Amino acid sequence: MPYDHSNVEGRIYEFWEKNGYFKPDFSKKGKPFSIIMPPPNANAPLHIGHAVFITIEDILIRFFRMQKRPVLWLPGFDHAGFETWYVFQKKIEKEGRDIFQENPQKIYDEIFKFTQKNRDISREQLKKVGASADWSREKFTLDKDIIEIVYQTFEKFYRDGLIYRGKRIINWCPYHKTSLSDLEVVYKEEEGWLWYIKYPFKQTIKTKNGQKIDHITVATTRPETMLGDRAVAVNPKDKRYKDFIGQKVILPILDREIPVIGDEAVDINFGTGAVKITPAHDPLDFEIAQRNNLGAIQVIGFDGKMTKEAGSDFEGLAVKEVRREIILKLKQLGLLEKKEIYKHSIGHCYKCNSIIQPQLSDQWFIKMEPLAKKAIEVIKKNKIKFYPAYQKNILLNWLSNIKDWNISRQIIWGIRIPVWYCQKQGSALCRKKNGIIISNKKPKECPYCKSKDLIAETDVFDTWFSSAQWPFATLMTSSQGGADFKKFYPTSVMETAYDILFFWVARMIMVDIYITGEIPFFDVYLHGLVRDKDRQKMSKSKGNVIDPLGVVDQYGADALRMALVFGTGVGRDIIISEEKIKSQRNFTNKIFNAGNFVLMNLGDNFDPKKINPKLTKEDKLILDKTKKVKAELKKDIKNYKFHEAAQKIYQFFWHQFCDKTIEDCKKRIYRAQNENEKDTPRFVLWTVLYESLKMLHPFMPFITEDIYQKLPSKPKDALIIEEW
RNA sequence: GGGCGAGUAGCUCAGUGGUAGGAGCAUCCCGUUCACAUCGGGAAGGUCAUAGGUUCGAAUCCUAUCUCGCCCACCA
């Protein structure tokens with residue numbers, strides 16, 4: 001009879017949960033083992049990637065639970081700021097509504113409900129995969145106590161001078177109307193034009209060797225930004241332009257007088273070696289402008305259209321149109337020298353693919369360098385270990401070139417930045433503080449100048465700012481309060497996908513060290529992305545998505561889990577296919593049948609302790625092999641070599657125990673002349689099955705527990721709390 | 001421009017100094033009263049990308065090259 005997981009998995013999960021086996025046992029004396037679950041985004045059902053982390057983390061959790069250590073796996077869900085905003089905006093658009101026209105509070109409430117619904121669905125899905133997490137400690141990133149911690153962190157950073165508000169060039173998505181962090185911009189190589197534009201000198205210049213020069217040529221890919229030009233810059237070392245520095249040119253079309261300046265940042269070899277400076281719409285230009293006190297003119301608005309500053313001819317036009325117009329005018333004026341085909345990379349919003357507009361904007365930033373410095377230190381000292389090890393260098397490299405992090409977002413969904421602005425700024429102190437008051441609730445009056453004219457900051461935090469605090473925030477606020485933090489922080493391992501190494505892992509290390517004074521975790525295990533058998537990323541549009549819940553329904557969670565770790569090296573991408581899942585489903589069937597057969601031959605009252613076995617050479621061999629495999633598995637799991645462990649136990653159980661030992665014992669039992677002769681083979685079967693169930697349990701928890709429950713003389717109430 | 005990873009059986013991948021290189025799937029042959037056909041027994045299949053080098057010994061270490069994939073970067 002084939003194994004039917006649908007009769008087993010739900011029932012077994014309920015049994016575990018009902019008996020409180022997922023809760024950490026504080027009375028255990030071993031070294032605490034803890035994992036903070038990477039909180040799934042509460043904006044969609046689970047995908048196969050979630051099944052991966054559940055499987056890996058659950059293997060660790062179940063293994064260490066059996067190692068007699070107090071174990072905590074703390075689950076949670078993420079409000080996932082911008083990600084959820086994106087999902088919800090699309091949902092609303094389908095309903096024919098415009099998210100920017102709706103009442104903000106109403107939208108917030110709607111999204112909140114939406115996430116809570118998704119959270120409930122996702123939780124049930126995680127359980128279906130077998131996650132033995134302590135749901136009584138579940139947290140949400142918008143829980144009041146979590147928000148309170150995020151506020152405190154913000155305030156501490158601000159007080160310590162690590163958070164500042166300032167006008168900087170940020171990545172602006174004109175579709176979402178918000179800034180994005182550097183990590184949220186995807187650069188794509190595109191072919192465009194490099195335009196060479198002549199900027200006439202105010203007065204013709206005579207060089208030392210008597211040449212008369214009436215213009216300087218600049219090269220640009222974005223001619224429309226010339227409307228916001230404040231200067232033309234050349235490298236002071238560039239001999240060609242030596243005499244031009246300090247001269248004035250007339251900006252074509254607008255006929256504005258702008259200077260030629262010298263700045264070392266200009267690349268002599270690019271284009272003509274002379275660059276137009278548009279401080280409001282280019283990061284490098286902004287830097288140069290700051291060094292040279294040039295000021296900035298915003299000519300492209302936050303809606304992607306030209307502003308009033310661009311002049312009446314262009315105001316209100318979209319960027320593309322203006323470009324055309326500008327080129328046309330320059331041609332008419334005879335100031336377009338030439339154009340060249342040019343390949344360069346252009347930033348796009350990682351969600352909606354809109355071209356990112358560099359914009360000068362007032363935003364909140366964190367100074368990253370001091371934080372990165374400490375992180376680099378602990379990583380270099382191997383206080384945090386990485387699996388696979390090469391991720392360490394990737395992270396160190398990123399940390400040592402870090403830039404300040406823009407943590408404010410102009411969306412409604414998220415944790416509001418707890419700031420009020422005094423409009424009056426009626427005292428020297430208030431002006432010194434820029435009228436910034438850190439407070440969650442609206443203060444009665446300005447603490448600096450007693451003005452009552454206060455307005456609220458409407459920006460919310462980048463979701464990763466709160467996620468960065470997740471390890472200590474959850475432990476400090478879980479249902480056990482500070483006890484969990486004391487017992488389980490730093491956590492044992494942070495297990496997540498490698499594509500959020502910078503987004504999340506790096507920031508946790510930096511922020512958590514600063515706030516708690518300790519590293520947030522000892523190990524970082526980064527798993528790969530799930531791909532189909534042609535190595536393609538899974539996506540809905542490609543139609544190659546494997547729905548983990550569908551797989552669980554069809555083949556069982558045990559088969560899915562085993563298929564995800566089988567043959568997947570540490571940190572490598574995970575290739576999954578129906579055939580692979582099927583082969584593991586066959587393995588569950590094998591386990592089921594072997595288990596049944598052994599149980600049948602043992603009888604209900606068999607007790608290995610009452611047997612005095614007369615072991616044959618083969619018996620000794622298999623018992624010895626069992627011990628050996630067990631020791632190897634232990635080592636493999638501790639080293640995160642799940643694929644090795646999975647393959648070993650698969651080989652051992654199927655091709656040693658089933659193919660050899662069971663066959664051997666079967667003959668001995670069937671041929672036995674009396675009951676006593678059955679004792680030794682029964683003893684061997686009982687022992688190897690019992691040990692195998694333990695070894696298999698972290699990988700395939702349901703079927704192993706089900707068999708264990710039927711095992712005569714089982715030492716414990718449940719396999720999940722067995723001792724390895 | 002900088003960096004990382006990979007190239008091993010038809011396919012997907014383990015193995016990363018030591019007998020004669022493994023697994024799963026697929027293939028071929030044989031086998032169903034006797035736990036399991038979601039099975040059992042057996043077979044076939046590899047110059048370990050290429051070229052040099054280190055070594056008593058290299059798939060494994062070093063150097064170079066090629067091919068694929070990925071990440072980072074302010075090329076105006």
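The sequence lines fix the lettering, A, B, ..., with proteins before strands; numbering per chain opens at 1. Computed from a prediction, not measured in an experiment: that's the story for all the values here.
Contacts of A:N397 with the nucleic acid, taken as non-hydrogen atoms under 4.0 Å apart, are absent. Residue A:E663 is classed as a base contact, given a heavy-atom separation below 4.0 Å to a base. A:Q391 comes within 4.0 angstrom of nothing in the nucleic acid, heavy atoms only. Within the 4.0 angstrom heavy-atom criterion, no nucleotide atom of any strand lies near A:K660. Residue A:K666 is classed as a base contact, given a heavy-atom separation below 4.0 Å to a base. If you check every strand for non-hydrogen atoms under 4.0 Å, A:F566 touches sugar and phosphate atoms only. Residue A:H655 is classed as a sugar-phosphate contact, given heavy-atom separations below 4.0 Å to backbone atoms only.
Rounded to a whole angstrom, the distance from the C1' atom of B:G31 to that of B:C68 is 44 Å. B:G18 and B:U38 are spaced 40 Å apart, taking the C1' atom of each and rounding to whole Å. Separation of the C1' atoms belonging to B:A44 and B:C25 is 16 Å when rounded to the nearest angstrom. Going from the P atom of B:A37 to that of B:U19 covers 39 Å, rounded to whole Å. Spacing between B:A20 and B:G1 at atom P, rounded to whole Å, works out to 46 Å. Separation of the C1' atoms belonging to B:C13 and B:G21 is 14 Å when rounded to the nearest angstrom. Comparing the same atom, C1', in B:G46 and in B:U27 gives a spacing of 16 Å after rounding to whole Å.
The base of B:A23 does not come close enough to the side chain of A:E644 for any donor and acceptor atom to sit less than 3.5 Å apart.
Taking only side-chain nitrogens and oxygens, A:R531 never comes nearer than 4.0 Å to OP1 or OP2 of B:U12. Contact annotation: A:H344 reaches the phosphate of B:A76 (side-chain N/O to OP1 or OP2, under 4.0 Å). A:W398 has no side-chain polar atom (N or O) that falls below the 4.0 Å cut-off from OP1 or OP2 of B:G3. Contact annotation: A:Y670 reaches the phosphate of B:A35 (side-chain N/O to OP1 or OP2, under 4.0 Å). Listed pair A:H643 / B:A23 fails the phosphate criterion, with no side-chain N or O lying under 4.0 Å from OP1 or OP2.
Among B:A14, B:G24, B:C4, the nucleotide with an atom closest to any side-chain atom of A:Y390 is B:C4. With distances taken from any side-chain atom of A:I575 to the nucleotides B:C36, B:C74, B:C13, the minimum falls on B:C13. Each of B:G41, B:C25, B:A76 was ranked by its minimum atom distance to the side chain of A:D659; first place goes to B:G41. Comparing B:A23, B:C72, B:A76 by their closest approach to the side chain of A:F502 singles out B:C72. Listed nucleotides B:A6, B:A76, B:C36 differ in distance to A:T221; the shortest reach to its side chain belongs to B:A76. Out of B:C75, B:C25, B:U38, the shortest distance to the side chain of A:Y342 is found at B:C75. Distance from the side chain of A:K590 is smallest for B:G40 among the nucleotides B:G40, B:A6, B:C4.
For A:M600 and B:C34, the CE to C1' distance is 10 Å, given to the nearest whole Å. Counting to the nearest Å, the C1' atom of B:A14 and the NZ atom of A:K641 are 11 Å from each other. The CZ atom of A:F503 sits 8 Å away from the P atom of B:C72 (whole-angstrom rounding). As a whole-Å value, the separation of A:R585 CZ from B:C36 P is 16 Å. Rounding to whole angstrom units, CG of residue A:L685 and C1' of B:A35 are separated by 11 Å.
Residues A:D619 and A:T680 are in side-chain contact: their nearest non-hydrogen atoms beyond the backbone lie under 4.5 Å apart. Residues A:Y555 and A:T588 have side chains not in contact (no heavy-atom distance under 4.5 Å, counting atoms from C-beta outward).
Taking the six-membered ring for Trp and thresholds of 30 and 60 degrees, A:W654 and A:F587 have nearly parallel ring planes, at less than 30 degrees apart. Ring-plane geometry between A:Y690 and A:W686 is classed as parallel, the angle between the planes falling under 30 degrees on a 0 to 90 degree scale with a further cut at 60. Classification of the A:W504-A:W464 ring pair by plane angle, with boundaries at 30° and 60°, yields tilted. Ring pair A:F597/A:Y670 is perpendicular by interplanar angle, where above 60° counts as perpendicular and below 30° as parallel.
Nucleotide B:A76 forms a pair with no other nucleotide shown, judged by Watson-Crick or G-U wobble geometry with both contacts under 3.5 Å. When both pairing distances are held under 3.5 Å, B:G5 makes a Watson-Crick or G-U pair with B:C68. The partner of B:A37 is absent, by the rule that a Watson-Crick or G-U pair needs both atom distances under 3.5 Å. Base pairing of B:A43 is made with B:U27, judged by Watson-Crick or G-U wobble geometry with both donor-acceptor distances under 3.5 Å. With a 3.5 Å ceiling on both atom-pair distances, the Watson-Crick or G-U wobble partner of B:G22 is B:C13.
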Self-check item: Evaluation steps, side-chain hydrogen bond (donor to acceptor under 3.5 Å, both in side chains), between A:N639 and A:Y387
Solution: CA-CA 9 Å; A:N639 288 315; A:Y387 301 85; 5.2 Å; no
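Contact check on A:K338 versus A:E340 returns a salt bridge, with a Lys/Arg side-chain nitrogen under 4.0 Å from an Asp/Glu carboxylate oxygen.
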